[in-house]
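Notes to accompany the following structure.
Note that the structure is predicted; figures quoted are calculated from it, not measured. Excluded from the calculations below are hydrogen atoms, water molecules and symmetry mates; all remaining heavy atoms, backbone and side chain alike, are included.
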Amino acid sequence: MGKSKTNNVMVSGLSKAEKRRAELEQQKQKTRILIISTVAIVVIIFVGLFMLASRDSSSTAGSGKAVDFNYSDFPRLGKEDAPVKIVEFGDFKCPACAQFTGVIKPQIVQKYVNQDKAAFYFVNMAFIGPDSETASLAALSVYHQNNDAFWTYFDALYANQGDENAEWATEDFLVSLAEKEKLPVDLELLRKDIQERTYESELQSDISTAKDTGVTSTPAVFINGHKVDEPFNMEAIDAQIKSASEAVSAE
């Protein structure tokens, strides 16, 4: 009898221990699930916040506050009262700017400028080399002599652009290019303006405008004060011009 009771107690004791271990294991499992769930929720929140921040950042150019340019300070192609104003910041030594001028600008001119739907403006951001400034000074000299000649010279500078890493925009080259294009300007005055840096203050004002606007690379394009995210995407430009035009009409 005594032996049987002892065995029953041992069995009962083992059952309690096993039950306790099972309870502890169950509690651990719940804790693990709670931790994993919490981590997953935190990750989802962070991913959501990141995506929201990215979306807000990408749409700032189109929906944020527009840059208030003093358009009368810049060379203009098209009518002054055009509802849409397109501003390009560029450097005459910038290969990407040359590509923009050769591919995108003609489409903008044909579809919008020539239809009096937009005006195109240019701001010098001479930063690649010393002759970036020389080219800008020459372009400004031509501009102050003849606005139409400026745009001919503008296209010619990019079409005849030299190596980005070489100093090609020299005084002689810039004057000879104007002569080659048969620009209706005083070539001697052009040379003098380059030598004496006649429009230095105007050039520095352009560069300051680029800095104040937050432009760090070229070409940088703005439509009614809102930066274009993809200056080589004509479909995106079309959409932004349409949006800008509709906003003006709604005012």
Decide if the gap between the ring center of Phe92 and the ring center of Tyr153 is smaller than 6.0 angstrom. no
Between Asn124 and Ala126 (side chain of the first, backbone of the second, donor and acceptor by atom type, cut-off under 3.5 Å), is there such a pair? no
Hydrophobic cluster membership, Phe120 vs Met234, 4.5 Å side-chain cutoff: yes
Whether over 12 other heavy atoms sit under 6.0 Å from Asp212 CG: yes
Which residues, ordered by chain and number, are linked to Tyr71 in its hydrophobic cluster, where ILVMFWY side chains connect at heavy-atom gaps below 4.5 Å, directly or through other members? Val67, Phe69, Phe74, Val87, Phe89, Tyr121, Val123, Met125, Phe127, Ile128, Val215, Phe222
Under 4.5 Å between side-chain heavy atoms, counting indirect links through other Ile/Leu/Val/Met/Phe/Trp/Tyr residues: same cluster for Val221 and Phe232 or not? yes
Whether the side chain of Gln107 engages the backbone of Val103 through a donor-acceptor N/O pair (distance < 3.5 Å, no angle test) should be reported. yes
Exam field: side chain Lys93 to backbone Ala166, donor-acceptor pair closer than 3.5 Å: yes
Out of Tyr199, Trp151, Phe150, which one pairs with Tyr143 under the ring pair (Phe, Tyr, Trp, His ring centres under 6.0 Å) rule? Phe150
Backbone of Leu137 reached by a side-chain donor or acceptor of Ser141 within 3.5 Å: no
Can you tell if the side chain of Leu183 reaches within under 4.5 Å of the side chain of Asn146, non-hydrogen atoms only? no
To the nearest 0.5 angstrom, please state how far the CG atom of Asp155 sits from the NZ atom of Lys105. 3.5 Å
Within a 6.0 Å radius of atom CD on Glu235, are there more than 12 heavy atoms belonging to other residues, nucleotides or ligands? no
For a 4.5 angstrom cut-off between non-hydrogen side-chain atoms, does Asn160 reach Lys180? yes
Gln145 side-chain N/O to Asp186 backbone N/O, donor-acceptor pair under 3.5 Å: yes
Lys111 atom NZ: more than 12 heavy-atom contacts under 6.0 Å: yes
Are Val84 and Val248 connected, step by step, through hydrophobic side chains (Ile, Leu, Val, Met, Phe, Trp, Tyr) whose heavy atoms are closer than 4.5 Å? no
Please check if the side chain of Ser205 supplies one atom and the backbone of Ser201 the other of a donor-acceptor pair under 3.5 Å. no
State plainly whether one hydrophobic cluster holds both Phe173 and Leu187, where clusters connect Ile, Leu, Val, Met, Phe, Trp and Tyr through side-chain heavy atoms under 4.5 angstrom apart. yes
Is the backbone N or O of Arg76 less than 3.5 Å from a side-chain atom of Asn147, with the two atoms forming a donor-acceptor pair by type? yes
Given 3.5 Å as the limit, does a donor-acceptor pair link the side chain of Ser245 with the main chain of Ile241, or not? no
Is the side chain of Glu88 donor-acceptor paired with the backbone N or O of Phe100 at a distance under 3.5 Å, no angle test? no
